[in-house]
Amino acid sequence: NIMNNLDDKMNAMMQTLIATAVDVEKFGQGNKSAGTRIRGAMQEIKSIAQDVRVEVQSIKNGELV
């Protein structure tokens with residue numbers, strides 16, 4: 001189901017963002033390794049977001065039904 005796939009991707013982005021909150025706090029306290037983990041998580045979210053954009057556009061254009 002297309003909507004389940006989109007829901008799964010949105011959930012993956014949200015879970016990654018939530019999990020990164022701890023590292024944001026650590027980074028604010030001067031932990032540079034946490035900054036590296038934040039950057040990796042943001043790259044993962046960016047990649048998933050791009051997949052969502054492409055899929056939504058395909059649905060909108062009638063390519064996926």
Side-chain angles (χ1 to χ4, degrees):
N1 185 324
I2 294 170
M3 290 310 295
N4 283 343
N5 192 33
L6 285 174
D7 285 341
D8 290 345
K9 288 178 181 176
M10 293 297 294
N11 285 331
M13 284 194 296
M14 287 188 283
Q15 291 303 318
T16 301
L17 191 58
I18 290 166
T20 306
V22 172
D23 282 327
V24 170
E25 186 175 330
K26 288 179 181 180
F27 184 68
Q29 296 169 352
N31 183 330
K32 293 189 188 314
S33 296
T36 301
R37 291 189 295 273
I38 293 166
R39 290 177 57 236
M42 294 303 107
Q43 186 62 40
E44 183 179 339
I45 290 170
K46 179 181 174 184
S47 176
I48 297 169
Q50 181 62 30
D51 290 346
V52 169
R53 291 183 76 243
V54 168
E55 191 167 341
V56 167
Q57 188 66 40
S58 294
I59 293 166
K60 184 177 156 190
N61 291 339
E63 298 167 10
L64 297 175
V65 180

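Not measured: the values here are computed from a predicted model.
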With rounding to the nearest 0.5 Å, note down the distance linking NZ in Lys9 to CZ in Arg53.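 The NZ atom of Lys9 sits 13.0 Å away from the CZ atom of Arg53.
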Between Gln15 and Asn11, does any side-chain donor sit less than 3.5 Å from a side-chain acceptor?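 Looking only at side-chain atoms, Asn11 and Gln15 do not form any donor-acceptor pair under 3.5 Å.
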Only counting residues at least two apart or in another chain, list the ones meeting side-chain hydrogen bond (donor to acceptor under 3.5 Å, both in side chains) with Asn5. Glu55
Ile18 with Val24, same ILVMFWY side-chain cluster at under 4.5 Å: no
How close do Ala34 and Phe27 get, heavy atom to heavy atom, and via which atoms?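 The pair with the smallest heavy-atom distance is CB-N, 3.8 Å.
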Residue pairs fulfilling salt bridge (charged side-chain N to carboxylate O under 4.0 Å, His left out) with at least one residue in residues 13-22, sequence neighbours excluded: none
Listing request: all salt bridge (charged side-chain N to carboxylate O under 4.0 Å, His left out) pairs with a residue in residues 15-43, at least two apart in sequence or in separate chains. Asp23-Arg37
Could you list the residues that satisfy side chain to side chain contact (heavy atoms under 4.5 Å, CB included) with Lys46, not counting sequence neighbours? Gln43
Check side chain to side chain contact (heavy atoms under 4.5 Å, CB included) between Ile45 and all other residues, then give those that pass, not counting sequence neighbours. Met13, Thr16, Leu17, Met42
